[in-house]
Amino acid sequence: TDSKYFTTTKKGEIFELKAELNSDKKEKKKEAVKKVIASMTVGKDVSALFPDVVNCMQTDNLELKKLVYLYLMNYAKSQPDMAIMAVNTFVKDCEDPNPLIRALAVRTMGCIRVDKITEYLCEPLRKCLKDEDPYVRKTAAVCVAKLHDINAQLVEDQGFLDTLKDLISDSNPMVVANAVAALSEIAESHPSSNLLDLNPQSINKLLTALNECTEWGQIFILDCLANYMPKDDREAQRRVTPRLSHANSAVVLSAVKVLMKFMEMLSKDLDYYGTLLKKLAPPLVTLLSAEPELQYVALRNINLIVQKRPEILKHEMKVFFVKYNDPIYVKLEKLDIMIRLASQANIAQVLAELKEYATEVDVDFVRKAVRAIGRCAIKVEQSAERCVSTLLDLIQTKVNYVVQEAIVVIKDIFRKYPNKYESVIATLCENLDSLDEPEARAAMIWIVGEYAERIDNADELLESFLEGFHDESTQVQLQLLTAIVKLFLKKPTETQELVQQVLSLATQVGHTPGPSRGLPSPGGSGNGLLMGQQVTGSLMQSHGMVWVGRDLEDLLICHIGTLASVYHKPPGAFVEGGRGVVHKSLPPRTGSSESAESPDTAPAGVPAADQPSVIPTQGDLLGDLLNLDLGPPVSGPPVATSSVQMGAVDLLGGGLDSLLRSDVGGSPAMGGGIAPAPGTAVPSNTGAPLGSGLGDLFDLTGGGGALSGSYVAPKTVWLPAMKAKGLEISGTFSRQVGSISMDLVLTNKALQVMSDFAIQFNRNRGGWHLAPEGPVGGGGTLALGTTPVLSRRVLPRQVAVKNNIDVFYFSTLYPLHILFVEDGKMERQMFLATWKDIPNENETQFQIKDCSLNADSVSSKLQGSNIFTIAKRNVEGQDMLYQSLKLTNGIWVLAELRIQPSNPSFTLSLKCRAPEVSQYVYQAYETILKN
Amino acid sequence: MIHSLFLINCSGDIFLEKHWNSVVSQSVCDYFFEAQEKAIDVENVPPVISTPHHYLISIYRDKIFFVSVIQTEVPPLFVIEFLHRVADTFQDYFGECSETAIKDNVVIVYELLEEMLDNGFPLATESNILKELIKPPTILRSVVNSITGSSNVGDTLPTGQLSNIPWRRAGVKYTNNEAYFDVIEEIDAIIDKSGSTVFAEIQGVIDSCIKLSGMPDLSLSFMNPRLLDDVSFHPCIRFKRWESERVLSFIPPDGNFRLISYRVSSQNLVAIPVYVKHMISFKENSSSGRFDVTIGPKQNMGKTVEGVVMTVHMPKAVLNMSLTATQGSYTFDPVTKVLTWDVGKITPQKLPNLKGIVNLQSGAPKPEENPSLNIQFKIQQLAISGLKVNRLDMYGEKYKPFKGVKYITKAGKFQVRT
């Protein structure tokens with residue numbers, strides 16, 4: 001057996017092998033190479049043997065030759081100079097009379113990713129592409145794709161692409177399939193090229209080859225057809241349909257994709273549409289009897305398909321019933337699809353199943369099953385009553401996590417159908433004591449508050465929660481506050497004391513927002529109607545159902561069977577530096593008004609974070625709901641004007657976050673207040689003695705805090721003294737290892753002492769929070785703790801400062817460069833791939849004028865602000881710097897900076913998947929370089 | 001496209017790696033290990049894992065994880081199908097797909113992997129083509145090789161590689177020409193507490209073993225082809241013939257292969273060959289429960305139900321079980337809480353019964369979940385769907401082959417809720 005190849009003496013292993021490789025005996029040589037390969041398979045580095053192995057290459061023994069080739073492919077890259085030694089043998093082998101050897105040589109050569117070798121490859125490859133033997137031609141076709149990956153320009157210059165296109169009309173179906181595969185791969189990295197512009201003849205060729213080539217070839221051809229054939233072509237459909245019965249599930253799914261795209265063009269009234277619809281169901285169902293891994297991918301795709309065309313599988317509910325021994329990932333997917341297919345017709349069956357799942361062993365699955373019952377109630381109104389009674393049954397089981405989950409779900413049902421099922425409240429109240437999860441507690445409190453008038457002892461119930469108020473999570477505290485205020489509005493006489501109690505408790509808590517938020521809209525329960533429609537959306541997302549938006553859904557249909565379909569995200573939202581994205585779109589639907597909505601413009605290149613239709617699955621339900629409760633009018637200080645789409649969540653989640661009382665320092669001098677400093681503009685950062693009564697007071701700046709090299713803009717006046725009755729505030733933002741700081745200087749220019757300072761920040765989307773540190777003397781830095789998530793625009797942040805005189809507001813605009821993170825250095829390879837990959841229309845060019853730095857100082861200066869230089873190149877006297885940076889939200893920006901020694905203007909080219917940030921990045925460059 | 005492949009055993013050792021493009025560091029597998037840890041059970045590791053720069057698509061077969069590294073967009077099904085094909089090939093070559101077998105034949109494995117994939121494109125995955133390129137190891141051959149110095153690598157182009165029938169090699173010769181078909185049907189079913197069927201369907205396959213010389217052209221017809229409305233075909237089958245005449249017409253691959261797989265869905269009536277009477281209960285506030293299960297035959301068309309085995313995952317609170325079986329033997333593993341009852345054959349005269357006391361952990365609350373009973377069984381000489389082969393004709397060759405058809409029905413995922 002081969003296991004003997006693994007057992008060599010530890011010491012001198014390489015030395016021993018070397019001797020054996022140079023042995024005169026053929027057999028010994030071969031054994032030695034086998035040992036080398038064996039080491040390679042377990043990841044040992046045997047590259048030191050390179051010259052010795054290459055020496056064995058010239059042999060008539062095909063096995064030995066293959067083994068040497070295997071070795072070469074692994075190590076040629078690390079030994080480029082040595083690899084050249086092999087070139088002659090390769091070129092010679094390409095002329096060998098045996099087609100197997102010709103193919104082997106051209107194939108191996110393509111795998112050796114060394115520039116010098118690729119040059120030698122061109123001639124043999126050209127011959128092989130026209131070889132008389134189809135086996136060689138098909139191998140050569142793949143080789144073009146390999147070569148393109150190493151050196152795209154070379155492939156274009158040598159005209160290989162045209163030869164490849166000619167191969168689509170080859171007489172051998174296998175050659176056609178490989179040519180298509182190679183072209184598709186090349187086209188993916190060249191979104192703009194029209195490599196696969198298929199004309200009717202070539203489509204015909206493909207369809208013929210489809211019938212005759214291997215299963216893998218069929219996948220490539222079908223995918224190619226799906227991407228490029230937006231015509232109503234019955235003949236083509238007729239020839240694709242048989243693929244639905246293929247044993248290979250990937251072939252089946254690709255065929256489904258082609259047909260789904262066809263259906264886009266058919267009017268739903270056509271008989272033909274119905275026929276096609278019927279044909280799609282059985283193969284999809286069959287996929288579910290395959291191995292669990294295949295099932296999983298199939299289910300993810302079916303999930304998309306049923307969103308687009310639920311009619312396909314509406315009669316197949318039963319196949320999605322969960323089997324006891326399905327892997328958990330299959331179970332969860334099935335559950336999701338069951339909900340999607342749930343309708344009035346089958347709801348009874350579905351509920352019976354869900355109830356059954358709720359008694360299974362796996363806790364996560366049980367919880368999801370209970371939630372699913374809630375989703376049924378919300379989706380199918382007629383079933384709501386049945387769902388509620390099912391949930392009540394489950395509550396009777398007294399299994400703790402089932403009860404808690406059920407209560408959360410019942411609350412959602414109450415919200416959707418107000419004043420219908422409150423008869424069950426009594427049962428719910430019985431379980432009050434067993435609830436220990438915040439979400440369930442909050443839900444229960446909401447129910448008590450909402451229906452306070454029907455619960456005799458509502459006040460007692462709520463009061464019981466008050467005892468441990470400080471130990472509750474914010475979610476529960478908020479809900480409790482709201483509920484008690486609701487109760488107060490309904491029974492003002494009896495509950496006044498309770499309200500006072502909760503208010504005083506709430507104000508003691510650092511995190512609890514002002515009482516004003518506790519107010520429900522007048523009329524208490526009147527909010528039901530108002531939010532009726534909204535509630536569905538938020539329930540769905542909070543319960544783990546990703547609501548794929550319409551555009552995205554269309555987009556994803558084009559990607560059935562791809563990774564995108566597994567993640568339900570547009571391609572390009574994943575692996576950075578991977579291949580680019582070909583914009584794929586559904587053909588416009590004939591005879592329907594939807595045609596205008598062709599998702600052509602969908603931003604496929606934009607990371608998922610910016611794709612509003614993808615809703616993250618988690619999400620704080622309570623947050624959402626409370627939010628809706630409060631409705632638009634929120635009293636108190638105006639809140640952030642941040643982005644509208646997130647506005648609703650902001651109000652709640654962010655709001656006026658932490659109330660920093662004047663205990664910033666805790667020194668008595670603070671209490672003493674700020675003495676007037678008439679007319680004197682005090683230089684910042686002086687750290688003037690506090691007792692002096694003059695000068696600037698508390699310099700919140702971390703004067704001492706060692707800044708890393710990041711550029712810090714000089715402080716600018718954010719709040720002029722004129723507007724704030726004598727208080728002037730200036731400040732700046734800076735970035736220090738991993739955190740972002742805002743430095744503030746407050747100057748008193750009035751004639752009186754200012755005291756009782758408080759400062760308050762409107763949190764923005766990212767959830768910044770403040771961590772005051774340091775004593776007053778040295779000034780405390782307000783480190784903005786967690787990293788913010790930047791929305792696409794740079795948002796103004798609003799700050800409120802209060803003192804004994806008044807409350808003042810000002811807003812700040814933070815410079816983009818503070819959001820450049822420390823790990824923004826891309827690997828070289830990755831940089832190259834990503835640069836190639838981002839379409840050219842995303843590139844923007846800027847001029848940076850009047851900058852007299854040389855390349856090295858530029859790059860060290862930028863490095864200080866987390867713009868990393870990856871490579872430097874000197875081309876015709878100009879320095880080219882290749883740089884990368886990453887924003888806190890994960891957007892990468894790649895830059896090329898051209899510096900001519902004599903010219904003070906630099907040219908900056910920026911490439912980014914989210915081109916809208918380029919402008920800001922340019923501004924950041926400008927500011928950093930000029931200061 | 002598939003960039004690299006790592007083979008990982010159950011204890012988390014990477015025992016083989018193969019790179020088709022550039023070398024990807026083993027550290028990429030850390031993401032996989034992380035997911036594996038989270039999943040606890042090996043079967044629950046998600047098949048697609050995303051990492052910052054790659055995708056990992058994996059399958060779990062025969063206690064080995066096949067983890068492939070993907071860098072560009074690629075249909076995941078394609079990758080999973082391919083990985084299963086790799087495992088099948090190992091099985092075919094070495095008789096088993098195990099870590100030892102792979103390590104023992106590491107060079108052949110490497111040669112195979114290289115032959116199966118080129119730059120992420122599958123090259124040769126048909127077993128008969130591979131066998132012409134790389135001969136499977138046999139003791140005789142390795143002895144001969146070591147004496148004569150010849151190798152196990154074929155040096156001519158495989159004949160099937162480019163023909164329209166890549167699945168068959170030319171020049172096949174047998175002294176005894178035989179063609180066997182096994183019609184195997186598995187019943188997947190969920191039976192609810194009251195004994196009514198929640199869900200049932202039949203997953204059927206026809207596995208063939210064809211040892212015929214030359215280029216035989218076969219056609220197989222059924223008595224009742226209407227039953228087959230959802231079928232997946234081996235590529236050798238002429239789809240048009242099936243569409244028009246409902247006859248399977250094909251030039252077969254040489255050796256063992258799966259001719260078709262089919263599904264008879266729940267819409268048609270699926271006969272359930274056994275019934276289970278059960279009474280499993282746990283008393284409130286006492287540390288014991290009762291267990292009483294009887295299995296009986298039903299709708300078995302006069303055939304014996306045999307090989308009956310029942311497995312039950314008992315609730316965690318169950319400490320032990322003291323039962324008596326009227327037939328067969330039972331075991332209870334107190335660690336995994338799995339009760340296995342090997343019943344054997346069911347005779348309608350005396351129905352097998354298993355009954356007794358369940359001991360619970362004292363003080364623990366009454367178990368809520370109801371254990372599902374998983375039943376396995378076999379019925380020889382019966383295709384439960386009623387599918388019957390009518391005849392097999394051979395064209396293109398002159399000899400008279402020996403033909404045979406065997407039917408068998410088994411339980412697939414057959415579970416009874418209690």
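Order of the sequence lines fixes the chain letters, A, B, ..., with proteins taken first and strands second; residue numbering starts at 1 for each chain. Keep in mind it's a predicted model, so treat the numbers as computed, not measured.
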Which portion of B:H313 sits near chain A, non-hydrogen atoms under 4.5 angstrom: both

Structural part of A:E215 lying under 4.5 Å from a heavy atom of chain B: side chain

Part of A:L70 within contact of chain B (heavy atom distance under 4.5 Å): side chain

Residue A:Y357 versus chain B: region with a heavy atom under 4.5 Å: side chain

Which of A:V399, A:T139, A:N248, A:V402 touches chain B most, by non-hydrogen pairs under 4.5 Å: A:N248

Close side-chain approach of B:V205 and B:L259, heavy atoms under 4.5 Å: no

Chain A contacts, top residue of B:D41, B:I260, B:N374, B:I190 (heavy-atom pairs, under 4.5 Å): B:N374

Contacting region of A:Y296 [heavy-atom separation from chain B under 4.5 Å]: side chain

A:V36 portion near chain B, given a 4.5 angstrom heavy-atom threshold: neither

Lys/Arg N to Asp/Glu carboxylate O, A:K278 vs A:E316, below 4.0 Å: no

Closest-packed option against chain A by number of heavy-atom pairs under 4.5 Å, given B:D13, B:V23, B:V48: B:V48

Contacting region of B:E17 [heavy-atom separation from chain A under 4.5 Å]: both

B:F233 vs A:H246, ring pair (Phe, Tyr, Trp, His ring centres under 6.0 Å): CA-CA, chis, key distance, verdict: CA-CA 5 Å; B:F233 298 112; A:H246 202 285; 9.5 Å; no

Carboxylate-amine/guanidinium proximity below 4.0 Å for A:D362 and A:K331: no

Residue pair B:L16 / B:F6, side-chain heavy-atom distance below 4.5 Å: no

Enclosure of A:K398 NZ (heavy-atom neighbours >12, cutoff 6.0 Å): yes

Heavy-atom side-chain proximity of B:L373 to B:Q415 below 4.5 angstrom: no

Option in A:Q349, A:M40, A:K146, A:E360 with maximal non-hydrogen atom pairs under 4.5 Å from chain B: A:K146

Under 4.5 Å from any heavy atom of chain B - which part of A:F220: side chain

Heavy-atom pair count under 4.5 Å with chain B, highest-scoring of A:I37, A:L294, A:V297: A:L294

Contact class of A:Q218 relative to chain B, heavy atoms under 4.5 angstrom: neither

Under 4.5 Å from any heavy atom of chain B - which part of A:I112: neither

When B:D188, B:D192, B:V74, B:D118 are compared by non-hydrogen pairs under 4.5 Å with chain A, the top option: B:D118

Contact origin within A:V142 toward chain B - heavy atom pairs under 4.5 Å: both

B:V198 vs A:E353, side chain to side chain contact (heavy atoms under 4.5 Å, CB included): CA-CA, chis, key distance, verdict: CA-CA 9 Å; B:V198 176; A:E353 277 297 299; 3.1 Å; yes

Heavy-atom proximity to chain B below 4.5 Å, by part of A:D223: side chain

Side chain, backbone, both or neither of B:Y60 within contact of chain A (heavy atoms, under 4.5 Å): both

Residue part contacting chain A, namely of B:S58, when any heavy atom lies under 4.5 Å: backbone

Candidate pair A:M73 and B:W20, rule side chain to side chain contact (heavy atoms under 4.5 Å, CB included), full reasoning: CA-CA 8 Å; A:M73 282 186 239; B:W20 280 277; over 6 Å; no

Residue B:Q26 versus chain A: region with a heavy atom under 4.5 Å: side chain

Any side-chain heavy-atom pair of A:V319 and B:R263 under 4.5 Å: yes

Closest-packed option against chain B by number of heavy-atom pairs under 4.5 Å, given A:A358, A:S249, A:A352: A:S249

Residue B:F78 versus chain A: region with a heavy atom under 4.5 Å: both

Options A:A76, A:S245, A:A247, ranked by heavy-atom pairs under 4.5 Å with chain B, top entry: A:S245

Region of B:Y262 that comes under 4.5 Å of a non-hydrogen atom in chain A: neither

Choice from A:A181, A:C111, A:A177 maximising heavy atom contacts with chain B below 4.5 Å: A:A181

Portion of A:I328 that has a non-hydrogen atom of chain B nearer than 4.5 angstrom: both

Pairs of heavy atoms under 4.5 Å with chain A: top-ranked of B:V45, B:V79, B:L83, B:L7: B:V45

Which of B:E126, B:H19, B:R417 touches chain A most, by non-hydrogen pairs under 4.5 Å: B:R417

Among the listed options B:E243, B:K413, B:E43, the residue most often paired with chain A at heavy-atom distances under 4.5 Å: B:K413

B:R85, part contacting chain A, at a heavy-atom distance under 4.5 Å: side chain

